[in-house]
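Have a look at the structure below, then the notes.
None of the values given here were measured: they were computed from a predicted structure. Proteins come first, then strands; the chains are lettered A, B, ... in the order of their sequence lines, and each starts at number 1.
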There are 2 protein chains.
Amino acid sequence: MAEPNQSLPVDLFIDLDRSGPVPLYFQISSRIEQAIHDGTLPPGSRLENEVALGNRLGLSRPTIRRAIQELVDKGLLVRRRGIGTQVVHGKVSRGVELTSLYEDLERSGQKPDTRVLSTEIGEADERMAEELGVEVGSPVLHIKRLRSAGGVPIAILDNVLPADFTDIDLGDLSKHGLYQLLRARGVTMRVAKQRIGARDATAHEAGLLDIPKGSAVLTMSRTAFDNSGRAVEWGQHCYRPDLYSFEMTLVER
Amino acid sequence: MAEPNQSLPVDLFIDLDRSGPVPLYFQISSRIEQAIHDGTLPPGSRLENEVALGNRLGLSRPTIRRAIQELVDKGLLVRRRGIGTQVVHGKVSRGVELTSLYEDLERSGQKPDTRVLSTEIGEADERMAEELGVEVGSPVLHIKRLRSAGGVPIAILDNVLPADFTDIDLGDLSKHGLYQLLRARGVTMRVAKQRIGARDATAHEAGLLDIPKGSAVLTMSRTAFDNSGRAVEWGQHCYRPDLYSFEMTLVER
DNA sequence: GAGTGGTCTAGACCACAGA
DNA sequence: CTGTGGTCTAGACCACTCT
């Protein structure tokens, strides 16, 4: 009863698109992920071994391996040498991908809303210079926003951007996310380093977030880098802890 | 000045061990990581292209690719098609691997210390059953601990383990970490799903953590799975926010 | 011994960026 | 056009787990 299922065929492996832009390994991993989410591959069940899967699909083993590895990295599958590949137990099957309650609100029809508190072009102080990797005193764009959903305040967003972005269209900030605007300018985020913590809210923060003075806020500070490795944004955010949390999956490497 | 360095040779690629148990791609990625941390490869500098690197080291391209990919996943390198591979800017080079201030304390000589508050073998309630993937009413081991460093309380740890571990040696809990004990029993953690949040401390928690009643605590709840995909542990922890935070690196996939 | 994943090779063609 | 990373093939040998 420890290993309830033998290897499953998973018939849904027809119609691979070899000419389109979608990589084969991605097509495979998507199909397997779908099979896990809809219960075709229940928790604990074993996958076919890599070689057999490759033969049956007419693909080479490295391609199959990469497809499976994608799902191992996502925390959906577990592999053991000499044993095989199994689906992870737990309510993994659905809903665990969400990163925050904010997205829950967004999905449930609550429209996110942003109020720009202030924008200012100033000079980088020591801390900003360090975080962004620029010279002290170089021009930076400092943005403070209040993010709400369904009329309820959720987070205070404090961001600093290097000189290149001082000409950003500030009017768009109330309509689009900062990352959305940067992407529209051709910037693609690739790496972010962040720290999550907590502290008591200041009186000002408590007022903005509509919570009792001195109660807890969840904090996150993050520096993001684009695809050339250059710092693009440094943000210090604080969230209403009853409306926001961070969810993640860790995989042993 | 945007691209300050051309590709660097990085001479330190001799003495590869082809017979030992350490994979070649790991030997390569370790050497590159070392070169980044000691400044041989400064932020923004470009690596040699994959083919040239492979030829010079006498390795195939897939092996080189895998080595580089390891560091891309760690957030140390960034790749662009048609451009090349570059070292990420920022103080990335060192010190960002630490996961928490707790480890800072540990490194600075403050010995971590654990006090077992209570251990109890009980029946799984609905929540525990759901998190651990066991039947409601099945036996579970419930452990509560207080973790300190240098005599200062840092975290309250509340853990629930399934039936298999009810015979764990509870005396060891004050001397070793829970994960350490599980590993000694042959259990290897592979996947963990966790949620980080914040809230006001209860009076009881405030007393244990030696903080003012009602001030903020950082919370983390986690379910861990072993290499067969089975849930092994469910924990609900709360931390003193002035002594603990979570640091992580995100990479766009 | 049989079956599995882990590693590695030596090529190939393609998509994209820049001069 | 050249140079780069992204994908893919068709094999090979090894280490590990279980029977």
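- Note that CD of Glu131(B) and OG of Ser221(B) are 6.5 Å apart. Values are rounded to the nearest 0.5 Å.
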Assess the residue pair Val140(B) and Leu161(B) against the criterion (side-chain contact (heavy atoms from CB on, under 4.5 Å)); give the C-alpha distance rounded to whole Å, side-chain angles, the decisive distance to 0.1 Å, and a yes or no. CA-CA 6 Å; Val140(B) 292; Leu161(B) 287 76; over 6 Å; no

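- Arg79(A) has a side-chain polar atom (N or O) that falls below the 4.0 Å cut-off from OP1 or OP2 of dG6(C).
- Phosphate contact (OP1/OP2 of dT4(C), side-chain N/O of Thr85(A), threshold under 4.0 Å): absent.
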Considering only nitrogen or oxygen atoms on both sides, find all protein atoms under 3.5 Å from nucleotides 7-9 of chain D and state each distance.
| unit_1 | atom_1 | unit_2 | atom_2 | d |
| --- | --- | --- | --- | --- |
| dT7(D) | OP1 | Tyr25(A) | OH | 2.9 |
| dT7(D) | OP2 | Arg66(A) | NH1 | 2.9 |
| dT7(D) | OP2 | Arg66(A) | NH2 | 3.1 |
| dT7(D) | O4 | Arg61(B) | NH1 | 3.4 |
| dC8(D) | OP1 | Leu24(A) | N | 2.4 |
| dC8(D) | OP2 | Tyr25(A) | N | 3.4 |
| dT9(D) | OP1 | Arg18(A) | NH2 | 2.7 |
| dT9(D) | OP2 | Ser60(A) | N | 3.1 |
| dT9(D) | OP2 | Ser60(A) | OG | 2.8 |
| dT9(D) | OP2 | Thr63(A) | OG1 | 2.6 |

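- In summary, of the residues considered (Arg79(B), Arg66(B), Arg56(B)), a salt bridge (Lys or Arg N to Asp or Glu O under 4.0 Å) with Glu50(B) occurs for Arg79(B) alone.
- Regarding Arg80(B), its CZ atom lies at a distance of 10 Å from the P atom of dA17(C), rounded to whole Å.
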Output, in order, the C-alpha distance, side-chain angles, deciding distance and verdict of side-chain contact (heavy atoms from CB on, under 4.5 Å) for Glu233(B) and Leu178(B). CA-CA 10 Å; Glu233(B) 175 248 349; Leu178(B) 180 57; 4.2 Å; yes

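- Leu76(B) places a side-chain heavy atom less than 4.5 Å from the side chain of Glu33(B).
- Rounded to a whole Å, the CG atom of Asn227(A) is 12 Å from the P atom of dG6(D).
- We find that CD1 of Ile68(B) is positioned 7 Å from P of dG5(D), with the value rounded to whole Å.
- As a whole-Å value, the separation of Asn55(A) CG from dG11(D) P is 10 Å.
- In this structure, Arg127(B) and Trp234(B) have side chains that are in contact, with non-hydrogen atoms separated by less than 4.5 Å.
- To the nearest angstrom, P of dG3(C) lies 14 Å from CD of Glu48(A).
- Within the structure, a side-chain polar atom (N or O) of Asn49(B) is placed less than 4.0 Å from OP1 or OP2 of dT4(D).
- Note: CZ (Arg190(B)) to P (dG5(C)) measures 13 Å, nearest angstrom.
- Computed from coordinates, the Leu77(B) CG to dG5(D) P distance equals 11 Å when rounded to whole Å.
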